[in-house]
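Because the structure is a prediction, the values reported are computed rather than measured. Residue numbering restarts at 1 for every chain, and letters A, B, ... go by the order of the sequence lines.
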Number of protein chains: 2
Amino acid sequence: MAKATIDNVAALAGVSIKTVSRVVNNEPNVRQATQEKVRDAIKQLNYRPSPSARSLASNRSFLVAMLYDNPSAHYIIDVQHGILKECRKRNYDLLIHPCKYQDAELCHEIENLLSKSRVDGVILTPPLSDIPEVMTTLDSLKMPYVRISPAEHHELSACVYCDDSRAAKDMAEYLIGLGHRRIGFIAGHPDHSSSAAREEGFGQALAEHKIKQPKRLVRQGFYDCDSGREAALHMLKTSKPPTAIFACNDNMAAGVIQAAHSLNIDIPAQLSVVGFDDSPICTLTWPELSTIRQPIEELAEKATALLLNELSNKPTSHEEKSLHCSLILRDSSGPAPE
Amino acid sequence: MAKATIDNVAALAGVSIKTVSRVVNNEPNVRQATQEKVRDAIKQLNYRPSPSARSLASNRSFLVAMLYDNPSAHYIIDVQHGILKECRKRNYDLLIHPCKYQDAELCHEIENLLSKSRVDGVILTPPLSDIPEVMTTLDSLKMPYVRISPAEHHELSACVYCDDSRAAKDMAEYLIGLGHRRIGFIAGHPDHSSSAAREEGFGQALAEHKIKQPKRLVRQGFYDCDSGREAALHMLKTSKPPTAIFACNDNMAAGVIQAAHSLNIDIPAQLSVVGFDDSPICTLTWPELSTIRQPIEELAEKATALLLNELSNKPTSHEEKSLHCSLILRDSSGPAPE
DNA sequence: CTGAAAGCGCTAACAA
DNA sequence: TTGTTAGCGCTTTCAG
């Protein structure tokens with residue numbers, strides 16, 4: 001059976017192709033009876049509209065692109081799945097496009113991808129959501145886009161995000177509640193805005209509890225395990241080592257656990273360790289890691305919903321949406337030693 | 001500046017649109033001088049061919065789809081990156097489509113995606129590479145495809161794979177060489193063909209060294225951490241516990257490490273642990289995990305190259321390509337205790 | 001509520 | 001080596 005076209009359907013249903021088109025696109029003004037005739041014919045012929053013809057005629061591709069540069073596989077996968085969940089509902093497909101955010105050619109490359117106008121809209125993840133040049137490029141192409149977890153300037157585009165700062169504050173308060181007073185902090189990659197937000201929330205909690213944070217208990221990390229381990233070794237080898245360490249993500253927290261093991265420090269009896277992300281490694285470490293869960297998939301889903309709304313309705317201001325993080329307490333944290 | 005079309009380019013270059021088309025598609029039989037004129041015009045107008053028009057006229061979309069159902073984020077990401085690497089060279093884009101391999105609707109869903117004929121070809125990863133119905137569906141749609149790491153029937157389609165059996169045998173021999181004689185084996189998910197291959201290689205090595213494998217040292221796992229931990233606890237609590245454990249993937253090996261920690265068994269002094277995959281968690285555990293590295297990205301790259309070749313040349317038999325695994329020795333394995 | 005006609009921007013087949 | 005002409009299968013516009 002050759003591929004059916006709209007003409008075949010129209011012929012079989014005894015209507016014009018325009019009417020078939022109306023039914024396929026859920027346009028109004030088609031009598032119920034006619035609709036049914038058409039749908040029958042469609043089913044009978046196993047008809048699927050050709051995306052290329054559709055998009056040539058209407059200038060819409062029903063394709064969205066995800067642009068990203070993020071080394072965390074589980075983050076990317078979660079975002080992809082969130083996007084796809086929403087896309088399926090609305091009959092869009094997803095095209096993925098990793099890129100290097102530090103690359104001088106970044107914007108050219110993006111322009112190159114998008115000016116083929118194969119895609120209707122774009123979803124941006126950190127750190128791309130915070131690069132002004134990328135936004136300018138998209139704006140100049142008049143390409144609709146939504147940003148996931150941008151640091152600031154929420155008004156510049158539709159966007160969705162979590163309150164990282166608030167979540168970090170909650171976690172710090174949890175540790176303080178357990179009696180910890182010397183709490184080490186390992187910052188994340190300086191290019192990722194999430195790190196600054198987390199540091200802010202952490203600082204707030206300490207300040208509110210009148211805990212002074214000596215410099216030796218704050219170190220720069222880069223969101224990878226090695227930097228977490230190095231930072232922890234530094235802190236733990238001082239004369240007044242911390243009784244808890246807050247790492248800005250789980251990978252670094254895993255590094256802290258390694259450091260503790262290598263120094264024969266018991267977790268959580270002598271040292272509490274917490275991370276951020278609730279990545280799969282949390283349940284692979286020993287002991288399992290207390291952390292903060294961001295609803296990544298839901299964020300991506302909402303982002304996609306905003307984007308697709310913007311693509312179907314004409315008028316939209318830039319909506320934004322924020323979601324909550326939650327503490328996940330496992331075995332790596334406990335009361336402070338006396 | 002409005003989007004330039006092929007007509008604009010033709011006008012500016014003073015040639016017919018067909019000639020522009022020839023230049024764009026690198027067809028032969030265009031004089032050097034003409035080519036240059038055309039290229040200049042293209043650059044000047046910043047012309048990009050419209051994918052929809054192209055694909056409507058030529059019935060090719062320059063889009064490939066990756067179909068998968070695999071819970072391992074890093075595996076999927078590596079495959080995606082391998083595919084994209086090759087796609088970029090040849091100006092294809094990638095569309096991703098996760099699905100549930102046990103779903104009764106699987107084939108319908110695939111057919112639904114592909115019969116829109118938006119994509120030119122498909123890449124299949126395990127366990128989808130081993131599902132006959134999926135292959136039948138693709139065949140009946142005359143959709144070109146390449147399988148990554150199929151278990152058998154290599155002749156049914158183009159495919160790329162590693163010799164898992166051989167790699168597992170090498171690893172077993174390494175452990176035997178360290179003096180281990182009681183080596184526990186934790187199988188992977190029975191639906192993944194990789195598990196059987198790994199078990200076979202492992203068994204071969206033992207047989208060649210005349211080591212008998214008692215039943216208590218072989219357990220079924222499911223490629224997740226929990227099943228690895230449970231299996232290890234069983235083995236380690238017997239009266240003659242193993243001195244080494246070979247887990248069919250790294251997640252399960254991480255579970256083994258957890259089990260050992262919880263029983264206060266020292267790794268590697270009392271117990272060697274090895275995994276398979278060289279996933280990111282290998283360097284996050286304590287101690288870091290010895291394992292086997294599959295060149296996933298390269299596999300995907302080769303697979304894509306085969307697919308795109310098939311799409312450009314008419315005549316191809318089903319090529320196949322195999323790549324090598326390598327042992328990665330870290331801190332979780334060492335000499336057997338006496 | 002329905003239909004006829006005119007493209008969308010390209011490639012394929014054929015002519016020159 | 002180059003150009004001409006017909007579509008590809010749909011949506012849009014406008015007319016009934």
Side-chain angles (χ1 to χ4, degrees), chain A residues 1-39 41-42 45-63 91 115-120 311-312 314, chain B residues 1-39 41-42 45-63 91 115-120 311-312 314:
Chain A
M1 172 177 72
K3 249 181 87 61
T5 73
I6 198 172
D7 294 284
N8 304 327
V9 177
L12 181 59
V15 298
S16 77
I17 60 167
K18 177 64 224 187
T19 300
V20 177
S21 172
R22 286 201 179 91
V23 173
V24 168
N25 294 293
N26 291 312
E27 287 172 33
N29 298 333
V30 183
R31 210 185 305 165
Q32 196 63 37
T34 317
Q35 282 196 33
E36 276 163 26
K37 271 194 302 184
V38 173
R39 281 192 217 289
I42 289 179
L45 297 174
N46 194 28
Y47 165 73
R48 328 274 174 147
S50 144
S52 343
R54 230 146 108 92
S55 96
L56 181 58
S58 68
N59 219 14
R60 313 181 54 193
S61 64
F62 292 89
L63 223 44
N91 252 298
S115 63
K116 294 188 290 189
S117 71
R118 161 172 271 183
V119 305
D120 292 339
L311 293 182
S312 22
K314 309 288 160 196
Chain B
M1 170 179 73
K3 250 183 86 58
T5 72
I6 197 172
D7 295 284
N8 304 326
V9 177
L12 181 59
V15 298
S16 78
I17 60 168
K18 178 65 224 188
T19 300
V20 177
S21 173
R22 286 202 179 88
V23 172
V24 168
N25 293 294
N26 292 312
E27 286 172 32
N29 298 334
V30 182
R31 210 182 306 163
Q32 197 63 37
T34 318
Q35 280 196 33
E36 276 162 25
K37 272 194 303 184
V38 173
R39 281 191 219 287
I42 289 179
L45 297 173
N46 193 27
Y47 165 73
R48 328 274 174 147
S50 145
S52 341
R54 232 146 106 92
S55 98
L56 181 57
S58 67
N59 220 13
R60 313 181 54 192
S61 64
F62 293 88
L63 224 43
N91 251 300
S115 63
K116 294 188 290 189
S117 71
R118 160 171 273 182
V119 305
D120 292 339
L311 293 181
S312 22
K314 309 289 161 194

Quiz item: Under 4.5 Å between any side-chain heavy atoms of A:R54 and A:N25, yes or no?
Solution: yes
Quiz prompt | B:T34 vs D:dT2: side-chain N/O to OP1/OP2 distance below 4.0 Å | solution = yes
Practice problem: Could you say whether A:A53 or B:R60 is positioned toward the 5' end of DNA chain C, judged by the nucleotide with the nearest heavy atom to each? | Solution: A:A53
Exercise. For A:V15, report the nucleic acid contact type (base, sugar-phosphate, nothing); a contact means any heavy atom under 4.0 Å.
Key: sugar-phosphate
Quiz item: Checking all strands, does B:P49 fall into the base, sugar-phosphate, or nothing category for heavy-atom contacts under 4.0 angstrom?
Solution: sugar-phosphate
Quiz item: Which part of the nucleic acid, if any, lies within reach of B:S55 when heavy atoms closer than 4.0 Å are counted: base, sugar-phosphate only, or nothing?
Solution: nothing
Self-check item: Side chain of B:S16 (C-beta onward), nearest among D:dC10, D:dG3, C:dT11
Solution: D:dG3
Quiz item: Can you find a heavy atom in the side chain of B:T5 that is under 4.5 Å from one in the side chain of B:I17?
Solution: no
Self-check item: Beyond-backbone contact of A:E27 with A:K18, side-chain heavy atoms, under 4.5 angstrom
Solution: yes
Exercise. State whether A:S58 places a side-chain N or O below 4.0 Å from either non-bridging phosphate oxygen (OP1 or OP2) of D:dT11.
Key: no
Quiz item: Side-chain N or O of B:N25 less than 4.0 angstrom from OP1 or OP2 on C:dT11?
Solution: yes
Quiz item: Is the shortest side-chain N/O distance from A:R31 to OP1 or OP2 of C:dC1 below 4.0 Å?
Solution: no
Exercise. Starting from the 5' end of DNA chain D, give me the residue, B:A57 or B:I17, whose nearest nucleotide shows up first.
Key: B:I17
Quiz item: So which one's nearest nucleotide on DNA chain D is more toward 5', A:K18 or B:L56?
Solution: B:L56
Quiz prompt | Beyond-backbone contact of B:V38 with B:Q35, side-chain heavy atoms, under 4.5 angstrom | solution = no
Quiz prompt | Base C:dT2 paired with A:R22 side chain (donor-acceptor, <3.5 Å) | solution = yes
